[in-house]
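This report concerns only the one structure given below.
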Amino acid sequence: MSDSPHHSGGYQQDDPEHVGGYEPSPPEPPDDPPRTTVEPLEETGEPADGPVAAERFRRTTPARRKPIPARRSGGYWRLAFGTVAYVMVVGGMADYVDPQTRALGHLAFWALIGLAMFVSVSRERRHGWEPAPRWPWPAGALGGAVAVEILVVAVGSPAVIVGSLILLGLALFVLLLFG
């Protein structure tokens with residue numbers, strides 16, 4: 001340690017000396033606080049925790065009440081996707097289940113296709129649209145069942161599983177490419 005009269009650093013002075021005779025002026029007393037221009041709301045009889053803030057932003061004119069017209073779906077892509085998925089699933093499990101179980105799968109698929117056709121026809125009637133062709137529905141139902149049976153007999157269930165995975169991979173690639 002040194003014996004110098006200098007301090008080691010930092011702010012250690014108790015009474016600061018003002019160099020050059022400059023002393024800051026004493027702080028001015030604060031003025032009156034500014035008055036607010038917002039007037040309080042009238043009492044509406046609602047509790048204090050009610051929707052007071054929302055009342056200030058209520059619409060004064062009603063919104064337009066224009067009905068949004070229903071649009072017809074574009075094509076039979078849901079039917080095609082459902083049929084391909086059915087062929088993948090039932091064709092892939094065909095060697096591992098009984099033929100009766102596969103027949104029940106065909107009947108359930110036909111029932112779902114019939115229900116989808118009924119919903120489509122009822123929407124056409126409800127909205128007054130031109131009737132769409134009806135042949136894609138039975139063609140999808142019968143074509144899916146026939147495709148399953150032909151693929152099982154021709155290539156077997158393991159090949160259908162591999163083909164399904166390849167097809168799903170290609171579809172995922174296309175979706176990621178354009179999606």
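Note that the numbering runs from 1 along the sequence shown for the chain.
Residues Leu167 and Val160 do not share a hydrophobic cluster, clusters being chains of Ile/Leu/Val/Met/Phe/Trp/Tyr side chains in contact below 4.5 Å. Leu142 and Val90 fall within the same hydrophobic cluster, where Ile, Leu, Val, Met, Phe, Trp and Tyr residues are linked whenever their side-chain heavy atoms come under 4.5 Å apart, directly or through other members.
A donor-acceptor contact shorter than 3.5 Å is absent between the side chain of Ser120 and the backbone of Ala116. At distances below 3.5 Å, at least one donor-acceptor pair connects side-chain atoms of Trp110 with backbone N or O atoms of Ala141. Using modelled atom types, no side-chain atom of Thr83 and backbone atom of Gly144 make a donor-acceptor pair closer than 3.5 Å. Side chain of Ser122 to backbone of Phe118: a donor-acceptor contact under 3.5 angstrom is found.
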| request: For the pair Met88 and Ile161, evaluate side chain to side chain contact (heavy atoms under 4.5 Å, CB included) and give the outcome as yes or no after the intermediate values. | output: CA-CA 7 Å; Met88 288 180 188; Ile161 294 172; over 6 Å; no
| task | For the pair Arg134 and Val121, evaluate side chain to side chain contact (heavy atoms under 4.5 Å, CB included) and give the outcome as yes or no after the intermediate values. | result | CA-CA 9 Å; Arg134 307 280 189 248; Val121 169; 3.5 Å; yes
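Distance check: Leu172 CG to Leu165 CG gives 12.0 Å after rounding to the nearest 0.5 Å. In this structure, Arg102 CZ and Met93 CE are separated by 8.5 Å, a value rounded to the nearest 0.5 Å.
For Arg72, the salt bridge (Lys or Arg N to Asp or Glu O under 4.0 Å) partners two or more places apart in sequence, or in a different chain, are Glu124. Shown here are the side chain to side chain contact (heavy atoms under 4.5 Å, CB included) partners of Trp135, two or more places apart in sequence or in another chain: Pro133, Ala139.
Nearest heavy atom pair, residue Gly91 against residue Ser157, reads O-OG, 3.0 Å. Here the closest heavy-atom approach between residue Trp129 and residue Arg123 is recorded as CH2-NH2, 3.6 Å. Across all their heavy atoms, Val148 and Val87 have their closest contact at CG2-CA, 3.6 Å. Heavy-atom minimum distance, Tyr96 versus Pro158: OH-CG, 3.7 Å.
Counting non-hydrogen atoms of neighbouring residues, nucleotides and ligands closer than 6.0 angstrom, the CZ atom of Arg126 exceeds 12 such neighbours.
Put simply, the side chain of Glu149 reaches to within 4.5 Å of the side chain of His106, judged on heavy atoms.
The hydrophobic cluster around Ile166 extends to Val162, Leu170, counting ILVMFWY residues whose side-chain heavy atoms fall within less than 4.5 Å of a member.
Between Trp137 and Tyr76, the ring planes are perpendicular. Angles over 60° get that label, and only those under 30° would be called parallel.
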